[in-house]
2 protein chains.
Amino acid sequence: MKKEFRSLCPIASTLDILGDKWSLVLIRDMLVRKKKTFKAFSASEEGIATGILASRLKLLESFGLITKRKLPDNKKENIYLLTEKGIDLAPVIVEVTLWGDKYMRVYNPKLKAYENLKTDKASIINTLQENYRQMVASVIA
Amino acid sequence: MKKEFRSLCPIASTLDILGDKWSLVLIRDMLVRKKKTFKAFSASEEGIATGILASRLKLLESFGLITKRKLPDNKKENIYLLTEKGIDLAPVIVEVTLWGDKYMRVYNPKLKAYENLKTDKASIINTLQENYRQMVASVIA
DNA sequence: TAAATTACTTTCAAAATAGAAGTAAAAATG
DNA sequence: CATTTTTACTTCTATTTTGAAAGTAATTTA
């Protein structure tokens with residue numbers, strides 16, 4: 001969990017922490033699929049190894065993109081939630097989705113479609129974020 | 001250079017090829033800084049190892065994000081240029097820059113600022129892309 | 001009270017990365 | 001024209017990261 005950066009470029013610095021095959025997939029699981037537990041992340045179709053998952057969650061938490069807490073009625077489950085900092089990755093998630101939808105299908109023909117995204121990007125980003133905040137509020141209420 | 005995908009998700013599939021610490025930095029070097037040669041990429045402040053650079057260029061070319069050519073008057077230099085597919089990553093680059101600009105400065109205080117980006121994102125993306133296309137046209141003319 | 005579940009950690013092999021050095025062809029220099 | 005320099009790599013080795021499987025401890029369910 002070293003916090004050193006390669007340069008003074010915001011892109012490079014962001015990639016210093018999110019530049020891997022798993023971090024944005026986890027953010028997707030949380031923001032889009034409302035996943036909250038180690039178990040749920042572990043069950044993603046991409047099949048993340050539990051060791052990697054544990055280390056990624058720790059890293060995301062250390063950089064304040066997610067929080068980890070327990071609910072009063074369950075001492076076993078940990079609930080991972082995106083912070084505003086994490087929720088603010090919604091535009092990145094959406095742009096990556098759009099790009100992948102447009103260009104990766106030729107290599108991965110059965111890719112799921114995301115037609116609607118193109119038409120009203122801004123409002124979809126907003127809805128995604130608002131829905132997530134609602135969910136967070138209801139969980140920690 | 002394997003072309004297998006973890007899932008049918010466009011995000012995960014995009015990360016299958018771009019999910020590392022270097023690919024988007026190279027795209028940045030090309031799109032924003034107009035870099036075109038192995039030498040130029042090699043000289044980036046982030047200090048990419050030449051072996052990694054060679055393998056990344058090969059991967060980006062294999063997925064059609066960049067092309068590699070020689071100019072008629074120089075048999076030594078290779079010119080790497082973004083294709084439309086690569087140029088279309090501009091929105092991702094911009095969103096990552098904005099996010100990094102907003103949230104990474106706390107860890108990397110001397111990050112360069114990108115104020116203007118926030119105000120007219122769409123037009124900046126367009127200008128970036130148009131300028132790049134112009135440059136490509138003038139290079140291959 | 002026993003079995004199952006959750007959230008991990010540990011272990012080990014395989015793959016990716018980093019850094020340094022080396023090479024071949026082309027271009028620039030004297 | 002010969003030599004040096006440049007460009008674009010490749011190769012090598014050490015270190016780090018990843019992936020897959022198995023193990024563990026606390027908690028919850030049956």
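Predicted, not measured: the structure shown is a model, and the values here were computed from it. Order of the sequence lines fixes the chain letters, A, B, ..., with proteins taken first and strands second; residue numbering starts at 1 for each chain.
Qualifying side-chain hydrogen bond (donor to acceptor under 3.5 Å, both in side chains) partners for B:K76, counting only residues two or more places apart in sequence or in other chains: none. Under the salt bridge (Lys or Arg N to Asp or Glu O under 4.0 Å) criterion, B:R69 pairs with no residue, sequence neighbours left out. B:E46 pairs by the salt bridge (Lys or Arg N to Asp or Glu O under 4.0 Å) definition with B:R28, not counting sequence neighbours. Contacts of B:K118 classified as salt bridge (Lys or Arg N to Asp or Glu O under 4.0 Å), with partners at least two apart in sequence or in another chain: none. By the side-chain hydrogen bond (donor to acceptor under 3.5 Å, both in side chains) test, B:S13 pairs with A:N108, sequence neighbours left out. For B:E61, the salt bridge (Lys or Arg N to Asp or Glu O under 4.0 Å) test picks out no residue, with sequence neighbours left out. Scanning for side-chain hydrogen bond (donor to acceptor under 3.5 Å, both in side chains) contacts around A:Y103 gives B:D88, with sequence neighbours left out.
The residue A:R6 sits apart from the nucleic acid: no heavy atom pair falls under 4.0 Å.
Heavy-atom distances to DNA chain D give each of A:I52 and B:K70 a nearest nucleotide, and the one nearer the 5′ end belongs to B:K70.
Residue B:Y80 places at least one side-chain N or O under 4.0 Å from the OP1 or OP2 atom of D:dC9.
Comparing D:dT10, C:dT17, C:dA7 by their closest approach to the side chain of A:N78 singles out C:dA7.
For the contact set between residues 15-39 of chain A and DNA chain C, defined by any heavy atom under 4.0 Å, the members are A:T37, A:F38, A:K39.
Whole-Å rounding puts the A:I48 CD1 to D:dA21 P distance at 15 Å. In this structure, B:E46 places its CD atom 16 Å from P of C:dT17, rounding to the nearest Å. B:F41 places its CZ atom 14 Å from the P atom of D:dT7, with the value rounded to the nearest Å. Atom-to-atom, CG of A:L59 to P of D:dT18 comes out at 10 Å; the value is rounded to the nearest Å. Taking atom CD1 of residue A:I79 and atom C1' of nucleotide C:dT6, one finds them 11 Å apart after rounding to whole Å.
Counting only distance, with no hydrogens or angles, the side chain of B:W99 and the backbone of B:V94 share no donor-acceptor pair below 3.5 Å.
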Could you run down nucleotides 19-30 of chain C 5' to 3' and tag each one B, S or - for protein heavy-atom contact under 4.0 Å? BBB---BBS---
